[in-house]
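Working notes for the structure below.
By convention in this document, chain letters (A, B, ...) are assigned in the order of the sequence lines, proteins followed by strands, and residues within each chain are numbered from 1. The shown structure was predicted, so the numbers you read here are calculated from the model rather than taken from an experiment.
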Amino acid sequence: MSYDFRSIEKKWQDHWEKHQTFKAVNHSEKPKYYVLDMFPYPSGAGLHVGHPLGYIASDIYARYKRHKGFNVLHPQGYDSFGLPAEQYAIQTGQHPAITTTTNIETYRKQLDQIGFSFDWSREVRTSDPKYYKWTQWIFTELFNSWYHKTTDKAEPISNLIKLFSSEGNTNVNAHCDEDVPLFSAKEWAAFSENTQQQILLKYRLTYLANTEVNWCPALGTVLANDEIVNGTSERGGHPVIRKKMTQWSMRISAYAERLLQGLNTIDWTDSLKESQRNWIGKSVGASVSFKVVSAAAQSNPYSIEVFTTRPDTLFGASFITLAPEHELVTKITSQNQSKAVNAYIEATAKRSERDRMADVKTISGVFTGAYAEHPFTKQAIPIWIGDYVLANYGTGAVMAVPCGDQRDYDFAKHFNIDIPNIFEGPDISQTAYSDKTGFTLTNSDFLNGMTYKKAVKRVVHELEHINQGQGKTNYRLRDAVFSRQRYWGEPFPVYYVNGMPQMIAKEHLPIKLPDVEKYLPTETGDPPLARANTWAWDTKAHAVVHKDNINNTSVYPLELNTMPGWAGSSWYFFRYMEDCTHNEAFASNEALNYWKNVDLYIGGNEHATGHLLYSRFWVKFLNDRAFVPVDEPFKKLINQGMILGTSAIVYRLHYTASNSNHSSRVYVSFSKLKNLALGTDQNHVCKAKQPNVFYELESYLKQDVTDKTIDITDIQLAPLRVNVNYVNAANEIAIENLKQEHQFRDGIFITDHGVFTVNREVEKMSKRWFNVVNPDTIVANYGADSLRLYEMFLGPLEQSKPWNTAGITGVHNFLKKMWKLYVNQNQINVIDCEPTKDNLKTLHKTIKKVEEDIENFSFNTSVSTFMIAVNEFSTQQCTSKAVLEDFLILISPYAPHIAEELWLKLGHNTSISTEAFPKFDANHLVESSKNYPISFNGKMRFTLELPINMSKEAIESEVMTHQKTIAQLDGKPPKKVIVIPGKIVNIVS
RNA sequence: GCUGAAGUGGUGGAAUUGGUAGACACGUUGGACUUAAAAUCCAAUGUCCAUUAGGACGUACGGGUUCAAGUCCCGUCUUCAGUACCA
């Protein structure tokens, strides 16, 4: 009986499901291990072969850890709120919940076919009210918390209120808005309830603020910074503009330093940590305030606050530049400059963010006519505006030191501003000198003769002394906007009394998403939830009621925005810990304390600055408030690379006649084009330049052109992507297959000796390129074990690589070979005999290699190791039952179905998944050592391979023997003996 | 520009601490089996020279350290990813 993977795989998938083989328990003698995948968004397109890559890797690791005696938690779920389902709902009127459920079913079916060891009993769906109850609850807890800088953690807002009523806010050291007024305890008590709430809002970790946001008109919603790529939306690529709106925000900036420091405690790749560090963007320097001395400012002196990382260069400042959007600009501009300034502001406002980014070389700016006073020299410094200063970084103002900063230098050169030199040593006649070393300061008053470090210390001290600045650390990380004007997301548990937000208590959650008739924003621009009729909060009944009941005494309007996609994904890893039979907490303390954090997290690196930062933020918050016992969610993180598609391209001939371009029905085989020395990069064929090629192509075209006298002047190749599933390994495609598609139905195909070939190009796997390969067809043709092995075999996990179905025959043949080696007439072909030395050597070599590979996540090389082992067993005619048993355990994480089947045939009636991983014994690698003399540079050299576990004495005696040999050969005793234990001994004469 | 990763046959990729470069697989070529095809099996397959024996060259490029370098050091080039007037 041949290897019937279909029935074997079905049988074991059913078996695992029926026996709940992979159900995790929350109590065990064994040590725990938590392996997690980034849960998928269930899109309508289903899975392609790229999706399971990370899941297969994590599954191998999870199965391996079970063999190694760990109690493994390996769950899966769905990030089921999101834009595509909503867009689909807008187009079709279909409720997103329905499409989402259908998509989840498809995903589940596809995942089940691959034979993952997920514990599905803990499945999570972010759009499930039982789940988002707790997302809403976390939101209310963020609202009810503030960040206490002294204890360096979040505390309940009640603590803050206590502080306010006992001593006011003058001594409160909080991370809060900058515009908080100072008040005493007495004043606090005298404030109206509404005023108190407004003040508290400035302290809460989530707060309503009128902020400038990234508005995407096409999607009708705001986007977070990480949802924007190159100035357009991440989803759909629509343009994004900046707009002021009242939005919920998350005070993630309070955690900037801890998010940065926490990176040192976790095992992530350097590149990923670096991305997060860049995103947080810490810079250490000082803030300096400059008094404005313009006539307009006389009665009411303004001062400009700047941030600098180079306070040591303060005496080199020859002008100040403000961002055009800076609030002081209009206030300080002199009369005769106001026209120019207004024109400039208008011009920059018109330019989109994208234009401004693309055009970084052009220097532009305008003088305001105002001057500032240098804090020490009291010299007047001109104030300019320029769009190279960004309004949303630092204070939106810089002190320009042309000799020490290239942009300031260029600006000064361009507008003929002074470039005073304060550096002793460097030459600044051509460029600025921005290094922090290699100079001493000059022309700098009390800083003269100092180096960078000393000068910074001194100048900060002096600035503090005159109360015009202090040392300051600045972060690029902005507070995260948390409102979305969408339907398909978590509703906020918030209602409004007199315009002030109120939280709905835990016991009344979840606030379920109401039904609406249409999923679009309203005509007045309100979010889709404004269309819901039953959308008001009755504070007496503690229930959602019809809008008509709003009376603002007991029934109030509810929030119309929903939460962003990252809300539900920021804590889902805790939800898996509980088996969710009750819903009293988001996970019980026992479960949280048992599983603690995720030991291994595998997912794509597109989440480097989004999900992975937000989850860390929420976990730190939950930890501060003692809701969870850990400070970091993911101990170790691996980014799997993307699997790319290999598109298939067919070339259609286009031609130019009478100066206009025509499309023909002629398609030419790519091999033919290559024979004509016509690459794809060279797709214009003029009569004059390449007459031979031209006339050849023209002869094909004549088959299509009705008017044979037409004068063709130029021929082009138009690339068309075709379904890759029609193309075989040799890049050939059957014309009948092509003709099934409408556009090719009456095409004329120019073959190369009857064969039509396509060109291939590697690009992202996507429906629109027709290059999607579906795992279902692979499983149907080759089986899940082949798919699993092949996905690993493709290359290193973390690397992006193109998919090529042709190669799968290699691993598939291997499985067939293995099956044939051990199964004969449906009988297992082994006996209970002593294994030979060779058998054991092969086995233990494999144990060692596979164990190392899994620990290092180099799954690709262990697939090769298995192939080599089976080849060796085959030549050794290995029939030992004990050897096969160990080998099956080794391979079972990779190819679990075939391993289970053979395990059963060996007479075991339990699943192989709980068997202990075989122990490596170095003794079995002992065998005859081989040695060979090599002549090198006229000297004799011996290299001899020694057994790994050889004793020191044995090595010495072995070396002595060879020293003698070498001395005989060469006539001289060896000069140097290099002994690498367990490896190779070099004797150099 | 900055940060990070990487450059090895026709292709994907091996090579542990510096120790026989190209494992394993795909592809290609030849052969066996077959009426034929598929499947399977066997052999060859880095480049060049040579009838063979054998030899020379070879891990992006140029240097260096070493008995020994894909691996370490210095310099150059290229590719990919992230990020960007960040003061």
Side-chain angles (χ1 to χ4, degrees), chain A residues 2 229-230 269-279 281-283 285 306-311 313 317 320-321 323 356-357 359-363 386-390 392-401 404-408 410-411 434 474-476 605-606 608-609 639 641-642 729-731 760 789-790 793-796 798-814 816-817 820 848-849 852-853 856 858 860-868 871 930 932 934 936-941 943 945 974-976 978 980-989:
Chain A
S2 63
V229 180
N230 293 331
T269 58
D270 288 339
S271 70
L272 197 78
K273 287 187 186 180
E274 204 54 38
S275 295
Q276 292 219 341
R277 282 190 196 110
N278 284 338
W279 195 261
K282 180 181 185 175
S283 39
V306 303
F307 174 75
T308 176
T309 54
R310 294 295 302 276
T313 63
I320 281 173
T321 317
R356 227 165 124 172
M357 265 160 50
D359 182 25
V360 296
K361 295 258 151 59
T362 326
I363 295 162
D387 67 2
Y388 80 95
V389 178
L390 303 176
N392 52 5
Y393 180 77
T395 59
V398 300
M399 65 170 206
V401 183
D405 182 282
Q406 194 57 43
R407 286 154 307 159
D408 296 344
D410 296 340
F411 195 87
S434 51
N474 206 34
Y475 298 91
R476 197 184 82 109
N605 66 358
E606 64 272 20
T609 48
N639 281 133
M642 214 195 307
N731 294 342
R760 313 284 324 228
L789 283 170
Y790 187 53
F793 184 70
L794 272 179
E798 298 181 75
Q799 200 172 295
S800 286
K801 55 236 157 185
W803 177 265
N804 173 19
T805 304
I808 201 170
T809 52
V811 291
H812 187 64
N813 282 344
F814 155 72
K816 285 203 271 189
K817 211 162 158 184
K820 246 170 60 184
K848 185 163 185 275
K849 185 76 169 75
E852 280 169 4
D853 283 346
N856 297 322
S858 22
N860 56 327
T861 48
S862 12
V863 178
S864 301
T865 310
F866 293 133
M867 294 180 180
I868 295 166
N871 278 339
K930 57 177 177 186
Y932 35 89
I934 302 163
F936 178 82
N937 279 356
K939 294 172 193 163
M940 286 300 288
R941 185 162 75 103
T943 302
E945 200 180 317
K975 238 198 307 198
K976 195 168 158 192
I978 305 159
I980 302 159
K983 187 93 213 266
I984 275 169
V985 177
N986 261 346
I987 305 167
V988 181
S989 69

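Residue contacts for A:Asn474: at a heavy-atom cut-off of 4.0 Å it reaches no nucleic acid atom on any strand shown. Residue contacts for A:Asn860: at a heavy-atom cut-off of 4.0 Å it reaches the sugar-phosphate backbone alone, with no base atom in range. At a threshold of 4.0 angstrom between heavy atoms, the contacts of A:Pro802 with the nucleic acid are absent. As judged by a 4.0 angstrom heavy-atom cut-off over every strand, A:Ser864 is placed among the base-contacting residues. Residue A:Thr809 is classed as a sugar-phosphate contact, given heavy-atom separations below 4.0 Å to backbone atoms only. Nucleic acid contact for A:Gln799: sugar-phosphate only, since backbone atoms but no base atoms lie under 4.0 Å from a heavy atom of the residue.
Going from atom CG of A:Asn804 over to atom P of B:C24 covers 20 Å, rounded to whole Å. With rounding to whole Å, A:Asp853 atom CG is found 12 Å from B:A15 atom C1'. Counting to the nearest Å, the P atom of B:A23 and the CZ atom of A:Phe793 are 12 Å from each other. Going from atom CD of A:Gln406 over to atom P of B:A84 covers 21 Å, rounded to whole Å. Computed from coordinates, the A:Arg310 CZ to B:A87 P distance equals 11 Å when rounded to whole Å. Atom CH2 in A:Trp279 sits about 15 Å away from atom C1' in B:U3, given to the nearest Å. A straight line from CZ of A:Phe411 to C1' of B:A87 spans 13 Å, rounded to a whole angstrom. Separating the NZ atom of A:Lys848 from the C1' atom of B:A15 is a distance of 14 Å, rounded to the nearest angstrom.
Among B:U40, B:C85, B:C86, the nucleotide with an atom closest to any side-chain atom of A:Lys816 is B:U40. The A:Asn871 side chain lies nearest to B:A25 when the options are B:A14, B:A25, B:C85. Minimum atom distance to the side chain of A:Ile868 is reached by B:A23, of the listed B:A87, B:A23, B:U40. Set against B:C86, B:U3, B:C26, the side chain of A:Tyr393 has B:C86 as its closest nucleotide. Of the candidates B:A39, B:C85, B:U3, B:U3 carries the atom nearest the A:Glu274 side chain, counting heavy atoms from C-beta on.
With A:Asn474 contributing its side chain and A:Ser283 its backbone, the two residues share no donor-acceptor pair below 3.5 Å. Under a 3.5 Å cut-off, the side chain of A:Thr308 and the backbone N or O of A:Arg310 do form a donor-acceptor pair. Between the side chain of A:Asn804 and the main chain of A:Ala806, a donor-acceptor pair closer than 3.5 Å is present. Although no hydrogens or angles enter the test, the distance criterion places no donor-acceptor pair under 3.5 Å between the side chain of A:Lys817 and the main chain of A:Asn871.
A glycosidic torsion no more than 90° from 0 defines the syn conformation, and B:G9 adopts it.
A close approach under 4.0 Å does occur between a side-chain nitrogen or oxygen of A:Arg476 and OP1 or OP2 of B:A84. For B:U40, the OP1/OP2 oxygens have a side-chain nitrogen or oxygen of A:Asn813 closer than 4.0 Å. A:Arg407 has a side-chain polar atom (N or O) that falls below the 4.0 Å cut-off from OP1 or OP2 of B:C86.
Rounding to the nearest 0.5 Å places CZ of A:Phe866 at 8.5 Å from CG of A:Asp853. Taken from CG in A:Leu794 to OG in A:Ser800, the straight-line distance is 11.5 Å, to the nearest 0.5 Å. The structure places CG of A:Asp405 at 10.0 Å from CE of A:Met399, a figure rounded to the nearest 0.5 Å.
Here, B:A43 and B:G7 have their C1' atoms 33 Å apart, quoted to the whole Å. When the C1' atom is compared between B:U11 and B:U45, the two are found 14 Å apart, to the nearest whole Å. Taking atom C1' in both B:C2 and B:C72, one finds a spacing of 26 Å when rounded to whole Å. A distance of about 44 Å separates the P atoms of B:G64 and B:U28, rounded to the whole Å. Look at the P atom in both B:G27 and B:G82: the space between them is 33 Å, to the nearest Å. With P as the reference atom, B:C41 and B:A6 are 37 Å apart, rounded to whole Å. Comparing B:C86 with B:G75, their P atoms are spaced 26 Å from each other, to the whole Å. Spacing of C1' atoms, B:A60 relative to B:U78, comes out at 7 Å, to the nearest Å.
Mapping A:Met867 and A:Ser271 onto RNA chain B by nearest heavy atom places A:Ser271 at the nucleotide closer to the 5' end. Residues A:Gly394 and A:Thr865 both approach RNA chain B. Their nearest nucleotides, taken by heavy-atom distance, put A:Thr865 toward the 5′ side.
In this structure B:C33 sits in no base pair that meets the Watson-Crick or G-U test at under 3.5 Å. Under the Watson-Crick or G-U wobble criterion, with both distances below 3.5 Å, B:U78 is paired with B:A6. With a cut-off of 3.5 Å on both pairing distances, B:G18 has no Watson-Crick or G-U wobble partner at all. Summarising the base pairing, B:G1 is matched to B:U83 through a Watson-Crick or G-U wobble pair whose two defining distances lie under 3.5 Å. Base pairing analysis places B:G54 opposite B:C49; the two distances defining the Watson-Crick or G-U wobble pair are each below 3.5 Å. Judged by Watson-Crick or G-U wobble contacts below 3.5 Å, the nucleotide B:A23 has no partner. Summarising the base pairing, B:U28 is matched to B:A44 through a Watson-Crick or G-U wobble pair whose two defining distances lie under 3.5 Å.
Residues forming a ring pair (Phe, Tyr, Trp, His ring centres under 6.0 Å) with A:Tyr790 (at least two apart in sequence, or on another chain): A:Trp803.
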